[in-house]
**Q** 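The structure that follows is given in the form of structure tokens.
Here is the naming used below: chain letters follow the sequence lines, and residue numbers restart at 1 for every chain.
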There are 2 protein chains.
Amino acid sequence: MTAATPDTPEAAPAPGSPAWWADRPGPRTAPRRGRPALDTDHIIATALRLVDEHGAPAFSLRTLADALGSGTATLYRHFAGKDEILAHLVDRVLGETDLSDLDALTTWQEVLTAMAHRFYDALRHHPHIVPLFMAQVPVGPNGLAQRERVLHALLAHGVPVGLAARAFAAVGHYVIGFAAQQHGPAAASPDTAPQLAAFYRQLDPATYPAITRAATALTSVPLVEEFRFGLGLLVTGLERHTPHTGKDPAGSRA
Amino acid sequence: MTAATPDTPEAAPAPGSPAWWADRPGPRTAPRRGRPALDTDHIIATALRLVDEHGAPAFSLRTLADALGSGTATLYRHFAGKDEILAHLVDRVLGETDLSDLDALTTWQEVLTAMAHRFYDALRHHPHIVPLFMAQVPVGPNGLAQRERVLHALLAHGVPVGLAARAFAAVGHYVIGFAAQQHGPAAASPDTAPQLAAFYRQLDPATYPAITRAATALTSVPLVEEFRFGLGLLVTGLERHTPHTGKDPAGSRA
DNA sequence: ACCTGAACACCGTTCAAGT
DNA sequence: ACCTGAACACCGTTCAAGT
């Protein structure tokens, strides 16, 4: 906050927002002396387990406190409220994605594709968390670390910096949108595609001719194949914007 | 439910799910005789206004009933519960997008681009609704009508049916992902991009060199421009998959 | 000093009592 | 027959009272 935004009251930044994360202490781990009754990491890990097992609607501070053998008031000694706990859940899920080997890949296309698939896998592992990714760019410590790694790898492969940033954003949006609609919490079964196809085919072909045609044609296309397809579109489109593909062993200016 | 899914209890389909919409009465408008104290459309319109004005967290059946001059119990005579009302909200927002002129466009590229921009505009008008698009494919009556129109237009321009379905899905996922992260309810200001850029630039360049480089390079890129960029990637990528572009007046085999 | 039971003002949902 | 006030079992959050 240097000088801009003069008349905004900005009473308190919303948990999960950039301004809020900016006020957090860094990635240091043990801020409290002695042994607090409850460990912050332990709280978040338990919360994630509860959401994974019983779904977000069943998650409450009371169930969390019960699982920890504590009371709800105790949670407020570690977090400002429920929203803050949820923001930490999002960042923890992002932290489960290992992108440390991204620099070893040989083309920027592989970097983007690997990043998309691993992010997608993390979201698939925690379908009930997906809605929490809505509504803001995840800029917690883990989210920042991942973003840094991907951008670094793209830049290392000669992708112009503006293109790298927009490519990261476009792929990220695609992955979140895909995971949300195909693996969201409302999907009781691990694979809703067959149900959706059945629903489309059951529609009246007279009123929905194109939908029913498409549904029949799409029978038995695995979800991961559809994911790969859309991702391939983005990568292919990006190749048109790069000075050279990055695959070519002979640099353009060597 | 013909024969499959033998051991699933499937007590009641979740509101908004395909199975749930399948049980809804069609788009007929006046199912009740006489004049009910509360009109269904009026309830949804009021609910949408409340969510738009005060945000989803502040929306409750009690505030809705108050705005209608009624009691919460009365709402249960029109809807099974809050989730059902929210599912109708999603479909109503989709209904605000006018796609009736899609057939007049001359290329499938224009069809996809127009569809994406109009869908995006609808979501921008109702940022608090965006999270509700998570977790399921919107298959309410309006959602189906839009899907039918777009698929029809794509097929009319010679796009193979399998490609049309996957193109629709990929673009839809991209739009939802973009709108969710850039215009979600947590974004108090109408344009969070400057805030995000400021946040990135304030980071320590030593620990986040790539992010800070990218943030500086991306200063003053309008959001709509970034949206257009990712959308262009998808359309460009799709052109590689089509037998002929549909723009070229001379067919590839004439 | 640190923790927390119990209360507060809500919430979605139900149902017996009203008309 | 239709509607709904009032209750039910929750929720996130707070704070005075405990140790």
Side-chain angles (χ1 to χ4, degrees), chain A residues 11-16 20 30-40 42-44 46-48 50-51 53-90 128 131-132 135 185-186, chain B residues 11-16 20 30-40 42-44 46-48 50-51 53-90 128 131-132 135 185-186:
Chain A
W20 178 81
R32 288 165 195 284
R33 63 177 66 249
R35 231 187 342 133
L38 249 40
D39 180 61
T40 294
H42 183 226
I43 295 177
I44 297 300
T46 305
L48 181 55
L50 288 177
V51 172
E53 287 177 3
H54 306 108
F59 174 75
S60 72
L61 296 192
R62 249 164 271 252
T63 59
L64 176 57
D66 284 352
L68 292 165
S70 171
T72 56
T74 309
L75 297 172
Y76 284 81
R77 299 192 52 67
H78 300 263
F79 304 97
K82 193 187 191 185
D83 286 348
E84 197 168 307
I85 293 178
L86 296 180
H88 279 277
L89 284 188
V90 166
H128 296 289
L132 302 181
Chain B
W20 177 81
R32 289 165 193 284
R33 64 178 65 248
R35 230 185 345 131
L38 249 41
D39 180 63
T40 294
H42 184 224
I43 295 176
I44 298 300
T46 305
L48 181 56
L50 288 177
V51 173
E53 288 177 0
H54 307 107
F59 174 75
S60 75
L61 297 192
R62 249 164 270 252
T63 58
L64 175 57
D66 285 351
L68 293 165
S70 172
T72 56
T74 309
L75 296 173
Y76 284 80
R77 300 193 51 63
H78 300 264
F79 304 97
K82 192 187 191 185
D83 286 348
E84 199 168 303
I85 294 179
L86 295 180
H88 280 278
L89 284 188
V90 167
H128 296 288
L132 302 180

**Q** To the nearest 0.5 Å, how far apart are CG in B:Asp83 and NE2 in B:His88?
**A**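 Those atoms lie 11.5 Å apart.
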**Q** In sequence, state the C-alpha distance, the side-chain angles, and the governing distance for B:Ile85 and B:Leu64, and then conclude on side chain to side chain contact (heavy atoms under 4.5 Å, CB included).
**A** CA-CA 11 Å; B:Ile85 294 179; B:Leu64 175 57; 4.1 Å; yes
**Q** Among the candidates C:dT4, C:dC15, C:dT13, find the nucleotide nearest to the side-chain atoms of A:Ser70.
**A**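 From the listed options, C:dT4 comes nearest.
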**Q** In whole Å, what is the span from the CZ atom of A:Phe59 to the P atom of D:dC10?
**A**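 Distance check: A:Phe59 CZ to D:dC10 P gives 17 Å.
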**Q** Nearest to the side chain of B:Arg62, which nucleotide is it out of D:dA7, D:dT13, D:dT4?
**A**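 Nearest listed nucleotide: D:dA7.
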**Q** Round to the nearest Å and state the distance from A:Leu75 atom CG to D:dT13 atom C1'.
**A**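 For the pair A:Leu75 CG and D:dT13 C1', the rounded distance is 11 Å.
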**Q** Atom CZ of A:Phe79 to atom C1' of C:dC3: distance rounded to whole Å?
**A**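 To the nearest whole Å, that distance equals 17 Å.
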**Q** Among D:dC2, C:dT4, D:dC11, find the nucleotide with the atom closest to the side chain of A:Arg77.
**A**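 Closest nucleotide to the A:Arg77 side chain: C:dT4.
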**Q** In whole angstrom, give the distance that lies between atom OH of B:Tyr76 and atom C1' of C:dT14.
**A**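 In whole Å, C:dT14 C1' and B:Tyr76 OH are 8 Å from each other.
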**Q** Quickly work out the A:Asp83 CG to D:dC11 P distance and round it to whole Å.
**A**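 Rounding to the nearest Å, CG of A:Asp83 and P of D:dC11 are 16 Å apart.
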**Q** In Å, rounded to the nearest 0.5 Å, how long is the span from CG of A:Leu61 to OG of A:Ser70?
**A**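 Reported to 0.5 Å precision, the distance equals 11.0 Å.
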**Q** Let me know the distance between CD1 of B:Ile43 and P of D:dC3, rounded to the nearest Å.
**A**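 That distance rounds to 11 Å.
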**Q** Here's a test of your reading of the structure: between A:Ala58 and A:Ala80, which maps to the more 5' nucleotide of DNA chain D?
**A**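 The residue closer to the strand's 5' end, by nearest nucleotide, is A:Ala58.
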**Q** Quick check on C:dG12: is either OP1 or OP2 less than 4.0 Å from any side-chain nitrogen or oxygen of B:Ser60?
**A**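 True: B:Ser60 side-chain N/O within range (under 4.0 Å) of C:dG12 OP1/OP2.
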**Q** Is it the case that the ring center of B:Phe59 lies less than 6.0 angstrom away from the ring center of B:His128?
**A**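 B:His128 vs B:Phe59: aromatic centres not under 6.0 Å.
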**Q** Indicate yes or no: at least one non-hydrogen side-chain atom of B:His42 is less than 4.5 angstrom from one of B:Leu68.
**A**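 Sidechains of B:Leu68 and B:His42: in contact.
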**Q** For A:Gly71 versus A:Ala65, what's the shortest heavy-atom pair and its separation?
**A**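 Nearest heavy atoms, A:Gly71 then A:Ala65: C-CB, 3.5 Å.
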**Q** Enter the distance from A:Leu48:CG to A:Ile43:CD1 here, rounded to the nearest 0.5 Å.
**A**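 Between atom CG of A:Leu48 and atom CD1 of A:Ile43 there are 13.5 Å.
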**Q** In whole Å, what is the span from the CG atom of A:Leu86 to the C1' atom of D:dC11?
**A**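 For the pair A:Leu86 CG and D:dC11 C1', the rounded distance is 14 Å.
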**Q** May I have the distance from B:Lys82 (atom NZ) to C:dC11 (atom C1'), rounded to whole angstrom?
**A**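 It works out to 8 Å between those atoms.
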**Q** State whether B:Thr74 places a side-chain N or O below 4.0 Å from either non-bridging phosphate oxygen (OP1 or OP2) of D:dC3.
**A**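 Negative; the distance criterion is not met.
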**Q** Pairs counted as Watson-Crick or G-U wobble with both distances under 3.5 Å: what dot-bracket string results for DNA chain C, using | for bases tied to another strand?
**A** ||.|||||...|||||.||
